[in-house]
Amino acid sequence: MARVYISIGSNIDRYRHVTAALDALQDWFGELVISPVYESESVGFDGSDFLNLVVGVETDLPVGELSARFKQLERENGRKPDAPKFSPRTLDLDILTWGNVTGVTDGVELPRAEILKNAFVLRPLADIAPEDVHPVCSESYGRLWQAYSTDQKLWPVDFTWQGRQISQAVG
C-alpha cells in the first residue's frame, strides 16, 4: 500500500464538483485524510476563483490506473478533455505523490511540480502532512510551506461534507 496525495480543484459549480470528487474517492479508498478547503484566484488565466484541497489515501492501485480513474471522474463531472490547460474547469484531480516514487510513472510526473510552485497545492498538503518529506528536495511539507513566498492568495472557506465541517472561513 502506498500513501497517495491528490489535489482537487474546481471553479465551475465548485461545491457540487468537490463534493462529487470526495464521494468518489471515499467509495474507492474508504477513509480519507482531507485538508481544509481553500479558495484561490485563477492562476495562468482570467477566470472565477477556485476551490482547492488535498486528500490523502492509502492504495495499492498503480499510478496509471489511478490517473485513468481520475480522468474518467473528471469527464463524468463535465470536464472537456480537449479544453486548454489554463481554462475554467468543473473538476481537476491530480496525483501529487505516490509514496516516495520519483520520475515519470505511467505517464505521470511524480512528485507533481505544482507542489513547490502553487500555494493552493502546498498549503493544503502541509496542513495534512506537515512532517512528510518531499521525495526530491528532502524537506518536509510543513517547512516548505513556512519558507514559501509568493503573491498567490488563498483563504479557507466554509465547507461541509457528509455532515462534517471540513473547513471554516476565517473572520
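In terms of modelled atom types and a separation under 3.5 Å, the side chain of E74 and the main chain of L93 share a donor-acceptor contact. Side-chain N or O atoms of E139 include none that pairs as donor or acceptor with a backbone N or O of L144 at under 3.5 Å. Of the possible donor and acceptor atoms, none in the side chain of T105 sits under 3.5 Å from a partner among the backbone N and O of V108. In terms of modelled atom types and a separation under 3.5 Å, the side chain of S167 and the main chain of V37 share a donor-acceptor contact. Using modelled atom types, one side-chain atom of W98 and one backbone atom of L61 make a donor-acceptor pair closer than 3.5 Å. Without hydrogens or angle criteria, N11 side chain to R89 main chain gives a donor-acceptor distance under 3.5 Å.
Residues L32 and W161 come closest through the heavy atom pair CD1-CH2, 3.9 Å. Across all their heavy atoms, S10 and V18 have their closest contact at CB-CG2, 4.1 Å. Across every non-hydrogen atom of H134 and I115, the tightest pair is CD2-CG2, 4.0 Å. Listed here is the closest heavy atom pair of R3 and G56: NH1-C, 3.3 Å. Of all heavy-atom pairs spanning G99 and A2, the tightest one is N-CB, 4.1 Å. The shortest heavy-atom contact between S40 and F120 is OG-CB, 3.8 Å.
Rounding to the nearest 0.5 Å places OH of Y141 at 7.5 Å from OH of Y5. Distance check, rounded to the nearest 0.5 Å: CG of N52 to CZ of R123 gives 12.5 Å. Going from atom CG of L125 over to atom CG of L116 covers 10.0 Å, rounded to the nearest 0.5 Å. Atom CG of residue L154 and atom CD of residue E39 lie 10.0 Å apart, to the nearest 0.5 angstrom. In this structure, CD1 in I95 is found 5.0 Å from OG in S67, a value given to the nearest 0.5 Å. Here the CG atom belonging to D92 is positioned 4.5 Å from the CG atom belonging to D94, to the nearest 0.5 angstrom.
The shortest distance between side-chain heavy atoms of I8 and V55 falls below 4.5 Å. Counting heavy atoms from C-beta on, the side chains of I12 and L91 never come closer than 4.5 Å.
Cluster membership for I166 and I6, using ILVMFWY side-chain heavy atoms within less than 4.5 angstrom, is shared. Note on L25 and V4: same hydrophobic cluster, where clusters join Ile, Leu, Val, Met, Phe, Trp and Tyr whose side-chain heavy atoms are under 4.5 Å apart, directly or indirectly. In this structure, V63 is not a member of the same hydrophobic cluster as V121, with clusters built from ILVMFWY side-chain heavy atoms closer than 4.5 Å. Under a hydrophobic-cluster definition in which Ile, Leu, Val, Met, Phe, Trp and Tyr are linked whenever side-chain heavy atoms come within less than 4.5 Å, directly or via other members, L73 and L53 are assigned to the same cluster. Note on L96: it does not cluster hydrophobically with V136, by side-chain heavy-atom contacts below 4.5 Å among ILVMFWY residues.
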Report the C-alpha distance between Q26 and Q162 in whole Å, list the side-chain angles of each, state the deciding distance to 0.1 Å, and finish with yes or no for side chain to side chain donor-acceptor pair (under 3.5 Å). CA-CA 11 Å; Q26 183 183 49; Q162 295 186 349; 2.8 Å; yes
How far apart are the C-alpha atoms of I34 and V54, what are their side-chain angles, what is the distance that settles it, and do they pass the side chain to side chain contact (heavy atoms under 4.5 Å, CB included) test? CA-CA 6 Å; I34 306 171; V54 170; over 6 Å; no
Report the C-alpha separation of K153 and E41 in whole Å, then their side-chain angles, then the decisive distance to 0.1 Å, and conclude whether the side chain to side chain contact (heavy atoms under 4.5 Å, CB included) test is met. CA-CA 7 Å; K153 295 174 181 62; E41 298 168 337; 4.3 Å; yes
For W155 and V170: C-alpha separation, side-chain torsions, deciding distance, then whether side chain to side chain contact (heavy atoms under 4.5 Å, CB included) applies. CA-CA 8 Å; W155 51 96; V170 176; over 6 Å; no
Quick one: do V157 and L51 satisfy side chain to side chain contact (heavy atoms under 4.5 Å, CB included)? Show the steps, please. CA-CA 8 Å; V157 296; L51 289 185; 3.8 Å; yes
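Considering only residues two or more places apart in sequence or on other chains, Q72 meets the side-chain hydrogen bond (donor to acceptor under 3.5 Å, both in side chains) condition with R75, E76.
With hydrogens and angles left out, the side-chain atoms of W145 and D127 include no donor and acceptor closer than 3.5 Å. For the residue pair N77/T90, the side-chain donor-acceptor check at 3.5 Å is not satisfied.
Between E114 and K117, no side-chain nitrogen of the basic residue sits less than 4.0 Å from a carboxylate oxygen of the acidic one, so the salt-bridge criterion is not met.
Aromatic ring orientation, W28 versus F70: parallel (interplanar angle below 30°, classes split at 30° and 60°).
Heavy atoms from other residues, nucleotides or ligands lying under 6.0 Å from CZ of R143 number 12 at most.
Checked against the 6.0 Å centroid threshold, Y15 and F159 count as a close aromatic pair.
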